[in-house]
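Here the structure comes first, spelled out in structure tokens, and everything after it is commentary.
Since the model is a prediction, treat every value here as computed from it, not as a measurement.
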Amino acid sequence: ADAQALRDAGLKVEGEGLLDLAGLRGVDASYDAEQQRLYLHVDTALLPLNQIAGMRDGRVATSISPGGLFNYDLFAQRSGGQTSLSLWSEQRVFGPFGIVSNTGVLRASGFGRKGYVRYDSSYRYINEDHALIATAGDTISGALAWSTSVRMGGVQLARSFRTRPDLITVPLPDFSGQAALPSSVDLFVNGYRQQQAQVAPGRFVLDNVPVINGAGEARIITTDAVGRQVATVIPFYVAPELLRPGLVDFSFELGALRRDYGLRNLSYGRALASAALRLGVTSRLTLEGHGEAARDLALGGVGAVWAPGLLGAFNGSAAISRRDGVNGTQWVIGYSYTSRGFSIGAEHRERSRNFADLGSFDLVRWQGGTSSDRISGNVMLGGLGSMGVAYVSARTRDFARARIASASWSLSLGQRLSAFAAIDHDLDSKRASAQVRLVMSLGRAVASAGASRQSARGLRIEGDYARTVPTTGGFGYGLSGAVDESGRFSGQGNAVWRGPAFELTAGTARASGVDSVWGGASGSIAVLGGKPYLANELPNAFAVIDAGMPNVAVYYENQPVGRTGKDGRLFVPRVTAYHPSRFAIDAIDLPAGAVAPVIEGRIAVRENSGAVIAMPVHLTSSATLVLMDGQGQPLPPGTNVSLSAGSAGTASIVGWDGIVMLAGISGSIELVADRPGGPCAARVVMPAKAEAMANLGAVPCR
């Protein structure tokens, strides 16, 4: 047989030209001379590899419309004879050009400083194709797990995987097997079926299947055409700290250090440059790098995350800095392991006396070594609940040391009741604190009661009751109180009312013999599609459904969110950014004669932005009539009916009893019926104010 013909048939063979099948390892050939057929029985190793990708949503390009937003939060409080009043606000303009935003607070009274204090002002441009965000203005520098972020003003270019929810950034295990016959494959992860697929004979690989983080167990069940099943169990470990091979995560900044944040509007320090980089090398190794530079400061460091099989994940890093001609070092080493039954984590961090970075070099006193140790663990005890333990040891720049050991325990006592207990012990001061608490779920309300003891304030008996505000809006409130061992009472109560346009809060509290009352109002004013909308605070994405018709029912992710107003629009205030969400209108609820070419769609909205989603609904002029022949008998069913040139409408067909339905007609039209005995014509006049599906009665066709 020709080698290329065998490869075209799906066999993995080497060589060129004619091959002797009897000499090929793993191939058993037989020839049926009568049927002139060649039968090949081959090992599965010679069959093609079936690669089955995990099922996940495809990418949906984001939609964005030009608009603006004003978020506000007004707060007033009176305590100890002093009244304070403040207004936090955010101004935001967005569109295909990017996002411009500014935040700040206006303080009217009761504070050491009055007037307006600016927080952050920035311009951002988002490129979802490359998962990039470019920022100019106030921002926070990118950092790794072993480095420090700082507030700064300048420019930043950073990777942002949240803009691409379709990307899988963590290395996922591949589950492989083989089938001798056409079979179905079921993949179960920790007892839950993740995927089902049909495979041809040969080897197969299930890859990019989303699974849980940490350790788990996969079971592959192969069922062939005659019902025989083969089960294979594969343990695996997924480390969320890793990057998929070939994937790069980074952040680059250039600007000036931010000073006096929340105190002064324009206070910036030394010029700086910063960079952070992560690179997925293999499915088990991710490399990291970080660098910082400023006047009289230079810092560089490298790190790595390594997950060797089923043993968990190890991380380590080393950095060196130079400030004012003095070198300093930092090194970090850690380990983590997570499974269904327990999890553990440990980390040691050490900084030498002269180590400095952007977060500390600008301090008046920056010298002094620091170190910290952290060990934590959690174990599931089945019917006895779960228990967690932790140990933290830290030494600060002034050589003060703190060592704290803690333990906690939680237990479910049914569908509505749970218990919690915790104890902390300061190993240096020999002081301990503890608490126990019972929590009961009462539908929308949660009640809890407990006791706590601290060395500083002694024993306290506490109780809380809170009723949440419904997601559709309404009233909610909360009450809490505590009594210490001296009989002193402290507590507070608050009430919340949330409407479609704003949220109101009010409350009162008593602590240390001082009474206070407060109140506030928050909400948003959004402009989208050229029209203003009032809503609760809008921190993320939102949308406007434009149906062009009032009273159309709208659904977001299969949940009703309201009906369009008189202008045919509905404002949807809270949309998950970048997620391809399902927007739909209820076509069954539309009035007679209404036509909706699009009734649903998967639309993704960019973060901090809005989009106008068009789902037009329009009324059509429609009518029914009965076409009669010259003898007064209905035309036979199935007769084609067309409109003569110049008539508005669509062609139709005669139904039972001569009934014809016409849509999109107006004025005077002429119908031509292609009846068996020869064509006939009929003239119809549509009334100017006819209702949908108007009955025009019997019309002669001559």
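- Heavy-atom contacts from other residues, nucleotides or ligands closer than 6.0 Å to OH of Y192 number 12 or fewer.
- Across M549 and A594, no two heavy atoms sit closer than the pair CE-CB, 4.3 Å.
- The distance from atom CG of N213 to atom OG of S336, rounded to the nearest 0.5 Å, is 10.5 Å.
- Considering every non-hydrogen atom in both P171 and V238, the closest pair reads O-CG1, 4.1 Å.
- Using a 4.5 Å heavy-atom cutoff, the side chains of L21 and L38 are in contact.
- Remark: Q35 CD is packed, more than 12 non-hydrogen atoms of other residues, nucleotides or ligands lying under 6.0 Å away.
- Atoms CD1 and CZ, from I221 and F188 in turn, are 5.0 Å apart once rounded to the nearest 0.5 Å.
- Counting heavy atoms from C-beta on, the side chains of V641 and V654 come closer than 4.5 Å.
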Problem set entry | Steps toward side-chain contact (heavy atoms from CB on, under 4.5 Å) verdict (L157, F250) | CA-CA 8 Å; L157 179 65; F250 61 86; 4.2 Å; yes

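- In terms of heavy-atom proximity, E288 sits nearest to W146 at OE1-NE1, 2.7 Å.
- Smallest separation of non-hydrogen atoms from A275 and H290: O-ND1, 2.8 Å.
- A salt bridge is absent between E128 and R164; no separation between the charged side-chain nitrogens and carboxylate oxygens falls under 4.0 Å.
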Exercise. Given the rule in the side-chain contact (heavy atoms from CB on, under 4.5 Å) test, do V626 and V699 qualify, once you have shown the distances and angles that lead to the verdict?
Worked result: CA-CA 6 Å; V626 177; V699 177; over 6 Å; no

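- Between I126 and R606 the shortest side-chain heavy-atom distance falls below 4.5 Å.
- Annotation: side chain of L247 is in contact with side chain of F161 (closest heavy-atom distance under 4.5 Å).
- Residues Y556 and F583 bring their aromatic ring centres within 6.0 Å.
- Here Y337 and Y335 keep their ring centres 6.0 angstrom or further from each other.
- Taking CG of L310 as the reference point, atom OG of S339 lies at 11.5 Å (rounded to 0.5 Å).
- For CH2 of W306, the number of neighbouring non-hydrogen atoms (other residues, nucleotides, ligands) closer than 6.0 Å is 12 at most.
- Nearest heavy atoms, I64 versus G95: CD1-O, 3.2 Å.
- In this structure, Y125 has its ring center no closer than 6.0 Å to that of F94.
- The two residues E670 and A681 have their closest heavy-atom pair at OE2-CB, 3.6 Å.
- Around the CZ atom of R228, the shell of radius 6.0 Å holds no more than 12 heavy atoms that belong to other residues, nucleotides or ligands.
- A salt bridge does not link E241 with R278: none of the charged nitrogens is closer than 4.0 Å to a carboxylate oxygen.
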